[in-house]
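Bear in mind the structure is a predicted one, so any value in this text is a computation, not a measurement. Indexing begins at 1, ligand by ligand and atom by atom, following the structure's order.
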Amino acid sequence: MSNWAPTGWDWQPPGRVIAGPGCLARLGELAPERDILLVTSAGWAKRGVVQRIAAALDGARIALYDRVTPNPDIDDLDAALPVLRQSPPALILALGGGSVIDTAKALALALPAAGWNFASHFRAGVALPEAGALPILAVPTTAGTGAEVTPFATVWDKTHRKKHSLHSPALIPRGVLLDGELTLGLPHATTLHAGLDALSHALEAVWNRNANSLSDGFALQALRLIFAHLPAVLEKPDSLPDRAAMLEASLLAGCAITQTRTALVHSMSYPLTAHLGVPHGLACGAFLAGVLAYNRAADDGRIAAAAKALGHADAAGLAVALEDLLARIGLPQELAAHGVTRAAAESLAGEMITPARAGNNLRAAGPADVLDILRGTLI
Ligand SMILES: [Fe+2]
């Protein structure tokens, strides 16, 4: 018996989303503009995909910005602005993983605002630009962040070791292409870490105070796909159906967190990334089982309902299935390989409560609860 009653929503979806292997060839349908800035990482230019994009865009002028690095830095972005503003594009096309899409979003916001830069915004409090952002098309090449549908972009002030979030409806891409063929060559570790991020988004949307019917529907379908296809794609990395399913799951989980934001797992993950350099999705994966156990004690029916929707008798069945999944995909070994020990995590426990994230969690959590959860996790 569930005591949870969803209460409505406010959702701004991307303009158009096309999913299916090979759909990159349909890029022209989403991009009538003739001046396009392609934001990507250097590897994609080498692999010939940029040429395929040029063919799909049929004569459009394409400028290339391929200096994206993992966790985009605000000083790097500011250094690029004057050059890119000399020939402003009409559209920004992002081809890559979360860092590429976040960089594209940041540039879309900054380029039309002459004289504005990230350093003065984040270090001196200058307001976000009032001028409209450029439209964005997103072609994700990893299956995890969901950045292609969210209004958020994460950027870093590496000088001051700070993580910042840009948040604006203008950052929601106008169009998205999910082409599983682009993820076929992803390395095992990237596939695993991104998949854990998508899994974390879906679960965090379920055990979230902001959950509603939309987020719950998106999250449950993402979970069905992830439980079925994440182990398979790790075992058979050349399997296009599994790759395509994970890309869809990532987008659906991203839609879920546009409604709910993330919760306690993400809050606890950030110190592992900031201090130990643990990749984001892996850092989240470390706490999934522990936070599920913690939240089950305060379940108002929504976790049990999710468990049933996934074919389990009750929330305990979901917990068993989650621990099986995490063991099967090698989470404990991957955490150990990144130096994540229980002692290391406990030493960072004091930084694991970020109110903007942890405050969304179904069950309130403070520093003592975090220590309890750490004792119950896989690590
Ligand atoms: Fe995440």
Side-chain angles (χ1 to χ4, degrees), residues 70-72 94 96-103 105-106 138 140-156 163-167 171-173 183 186 189-208 210-211 215 218-219 222-223 225-226 230 246-274 276-292 295 322 325-326 329 331 334-335 338 340 351-361 377:
N71 304 326
S99 294
V100 165
I101 296 173
D102 283 352
T103 297
K105 287 174 168 178
T141 60
T142 62
T145 69
E148 67 274 15
V149 291
T150 66
F152 321 119
T154 300
V155 293
W156 297 78
K163 167 182 171 292
H164 292 296
S165 231
L166 293 164
H167 179 202
L171 298 181
I172 298 169
T183 64
L186 273 184
T190 314
T191 306
L192 173 58
H193 301 162
L196 284 166
D197 195 19
L199 175 61
S200 304
H201 295 161
L203 286 170
E204 294 247 89
V206 170
W207 56 57
N208 197 299
N210 307 316
S215 66
F218 285 131
L223 287 170
L225 290 169
I226 292 166
L230 180 56
M246 282 305 299
L247 210 42
E248 290 190 13
S250 170
L251 179 136
L252 293 168
C255 290
I257 59 164
T258 64
Q259 295 294 295
T260 60
R261 309 289 192 92
T262 55
L264 186 56
V265 162
H266 275 68
S267 177
M268 292 177 67
S269 80
Y270 294 131
L272 293 190
T273 299
L276 303 177
V278 181
H280 170 68
L282 179 62
C284 288
F287 307 122
L288 288 173
V291 171
L292 173 57
N295 283 333
L322 178 64
L325 175 78
L326 297 176
I329 63 179
L331 178 69
E334 188 73 3
L335 288 169
H338 283 78
V340 182
E351 296 177 37
M352 287 185 176
I353 295 290
T354 311
R357 298 282 175 267
N360 300 328
N361 197 63
T377 56

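- With V149 as the partner, the side-chain contact (heavy atoms from CB on, under 4.5 Å) test is satisfied by one option alone out of I101, L251, L252: L251.
- Among the atoms of C284, no N, O or S atom is found under 2.8 Å from the Fe ion (ligand 1).
- Nearest N/O/S atom of H280 relative to the Fe ion (ligand 1): this is NE2.
- Between the side chains of D197 and H193, no donor-acceptor pair is found at a separation under 3.5 Å.
- Taking the six-membered ring where tryptophan is involved, the planes of Y270 and H280 are essentially parallel, since the angle between them stays under 30° and well short of 60°.
- Distances from the Fe ion (ligand 1) to the N/O/S atoms of D197 are shortest for OD1.
- Under the 4.5 Å side-chain criterion, counting only non-hydrogen atoms from C-beta, T103 is not in contact with V155.
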